[in-house]
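Data block below; observations after.
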Amino acid sequence: MIAVGPQDRVFVLTGAGISAESGIATFRGAGGLWQGYRVEEVACPEAWARDPRLVWQFYSMRRQAAGDKKPNPGHFALARLEERLGERLVVCTQNVDELHELAGSRRVLHMHGRLFQSRCDRCDRAPFEDHNTYQDQAPRCHCGGLIRPHICWFGEMPYELDRIDDELEQCTVFVAVGTSGVVYPAAGLVARARVKGVRAYYVGPEEPANSGLFSQCFYGKAGELLPGLFVTTQDTEGRRRH
Ligand code: NAD
Ligand code: ZN
């Protein structure tokens with residue numbers, strides 16, 4: 001059980017594992033390969049520079065694969081926790097799918113971008129919603145630049161880092177779900193939380209690479225563990241304790 005008192009602020013970091021039970025493969029689960037390419041070879045700026053068409057084929061396939069997927073009890077459990085905690089809960093996700101939002105979560109930071117958004121690779125036009133698939137060539141912006149997926153590729157800087165810093169600074173409970181602890185800077189967030197004495201928990205079926213940094217690990221599937229994991233104590237009990 002993870003106790004959440006009236007003064008607590010909860011920072012939840014999710015990875016591909018939370019969407020696994022919804023049928024969206026983790027890269028490792030899929031063997032790390034797509035049509036004979038290593039995923040790292042198609043999800044990087046070098047691939048975009050070399051062959052934008054190939055990159056769009058990969059993301060078109062991912063859009064198609066994610067399009068009909070539904071949130072699972074793990075996503076719903078976090079949305080219900082937000083109903084109780086309001087602004088005292090934030091979900092920082094490495095996932096590019098929309099399943100947290102579809103479950104009802106509102107305070108979601110997509111540090112690695114969003115599968116159903118695109119942006120220009122030249123001008124500073126804001127990312128926009130885009131459900132299209134592109135097989136033949138990359139679409140062009142009115143400025144002449146190429147439209148690319150709004151995804152943080154390997155070697156690029158993640159998004160929302162300022163807001164992530166703020167939320168991390170304020171949190172008193174840190175929970176990581178379904179993330180192997182090898183993709184940085186996400187894998188380093190728990191260390192930053194621990195430095196300031198925050199309780200940190202891990203939820204997932206396997207030991208993460210950074211398991212030593214957690215106060216406690218709950219081993220199992222997110223969809224099975226999360227719905228019963230959090231106990232929120234009422235204001236009155238909180239006051240009595242203080
Ligand atoms: P990862 O490094 O986050 O590893 C997946 C983790 O999920 C593993 O630790 C595994 O033990 C765990 N897991 C598997 N089933 C689970 C379950 N039912 N409940 C809880 N945990 C479970 O992810 P990756 O696949 O190696 O991907 C690397 C990068 O690509 C990350 O940024 C990742 O988030 C992103 N990615 C995103 C999606 C998505 O948007 N859904 C899918 C694939 C990859
Ligand atoms: Zn443009």
Side-chain angles (χ1 to χ4, degrees), residues 1-4 8 10-33 39-40 43 62 65-66 69-82 85 89-105 107-113 115 152 154 158 164 167-168 171-194 198-232:
M1 294 283 198
I2 299 176
V4 181
D8 282 323
V10 183
F11 185 107
V12 183
L13 171 70
T14 64
I18 196 170
S19 295
E21 288 160 83
S22 294
I24 300 183
T26 63
F27 289 163
R28 266 157 264 276
L33 290 177
V39 167
E40 292 86 340
R62 288 191 66 190
K69 299 296 186 283
K70 305 269 187 303
N72 67 59
H75 299 103
F76 285 117
L78 294 178
R80 275 200 304 274
L81 189 61
E82 185 182 330
L85 302 182
L89 178 118
V90 68
V91 173
C92 171
T93 187
Q94 300 167 79
N95 296 345
V96 298
D97 64 54
E98 310 279 297
L99 299 183
H100 284 302
E101 286 85 354
L102 287 173
S105 287
R107 304 193 77 235
V108 185
L109 303 176
H110 279 271
M111 68 186 298
H112 290 166
L115 186 57
C152 171
F154 292 94
I164 291 170
E167 294 286 350
L168 207 54
C171 78
T172 59
V173 179
F174 181 98
V175 184
V177 184
T179 173
S180 51
V182 293
V183 178
Y184 281 82
L189 297 181
V190 58
R192 288 172 49 201
R194 291 294 273 164
V198 161
R199 288 181 280 148
Y201 304 94
Y202 181 78
V203 181
E206 298 163 306
E207 185 179 356
N210 54 359
S211 64
L213 289 166
F214 291 92
S215 330
Q216 196 177 345
C217 294
F218 298 94
Y219 291 115
K221 292 182 175 181
E224 291 170 8
L225 291 182
L226 285 179
L229 200 59
F230 297 95
V231 182
T232 50

Closest approach of H110 to V96 (non-hydrogen atoms, all atoms of both residues): ND1-CA, 4.4 Å

Closest non-hydrogen atoms of T26 and A16, given as atom of the first, atom of the second and distance, are CG2-CB, 3.6 Å

Sorted by chain and number, sequence neighbours left out, salt bridge (charged side-chain N to carboxylate O under 4.0 Å, His left out) with R80 holds for none

Side chains of I24 and L99: does their closest heavy-atom pair fall under 4.5 Å? yes

Would you say F11 and C92 make side-chain contact, with heavy atoms under 4.5 Å? yes

What are the two closest heavy atoms between G104 and A79, and how far apart are they? C-CB, 3.9 Å

If only atom types and distance count, is the side chain of E40 paired as donor or acceptor with the main-chain N or O of F154 below 3.5 Å? no

Is there a side-chain contact (heavy atoms from CB on, under 4.5 Å) between H75 and L102 once you walk through the steps? CA-CA 9 Å; H75 299 103; L102 287 173; over 6 Å; no

Taking the side chain as every heavy atom from C-beta outward, state whether V173 and Y201 have any atom pair closer than 4.5 Å. yes

Taking all heavy atoms of N95 and all of S19, pick out the closest pair and write down the distance. ND2-OG, 3.4 Å

If we only count heavy atoms from C-beta on, is the D97 to L115 side-chain gap below 4.5 Å? no

Measuring from I164:CD1 to C171:SG, what's the distance to the nearest 0.5 Å? 12.0 Å

Within this structure, what is the CG-NE2 distance for the pair L109 and H100, rounded to the nearest 0.5 Å? 10.5 Å

Within-4.5 Å side-chain heavy-atom neighbours: L78 and I18: yes

Do other residues, nucleotides or ligands put more than 12 heavy atoms under 6.0 Å from K221 NZ? no

Can you give me the closest heavy-atom contact between K70 and S22, atom names plus distance? O-OG, 2.7 Å

Measure the shortest side-chain to side-chain distance between M111 and P185 over non-hydrogen atoms and say whether it is less than 4.5 angstrom. yes

Would you say S215 and R194 make side-chain contact, with heavy atoms under 4.5 Å? yes

L226 CG to E224 CD distance, which is reported to the nearest 0.5 Å: 10.5 Å

Value rounded to 0.5 Å, distance of CD in E101 from OG1 in T93: 8.5 Å

Tell me whether E21 contacts the main-chain N or O of N72 through its side chain, where contact means a donor paired with an acceptor under 3.5 Å. no

Measuring from L81:CG to F76:CZ, what's the distance to the nearest 0.5 Å? 15.0 Å

Can you tell me which residue pairs pass the salt bridge (charged side-chain N to carboxylate O under 4.0 Å, His left out) test with a partner in residues 199-208, sequence neighbours excluded? D8-R199

Under the side-chain contact (heavy atoms from CB on, under 4.5 Å) test, residues paired with A193 that sit two or more places apart: L168, F174, V198

Could you check whether any side-chain heavy atom of Y202 comes within less than 4.5 Å of a side-chain heavy atom of V190, counting everything from C-beta outward? no

Looking only at heavy atoms, the pair that brings L213 and A200 closest together is O-CB, 4.3 Å

Only one of L89, T14, V203 forms a side-chain contact (heavy atoms from CB on, under 4.5 Å) with V175, so which one is it? V203

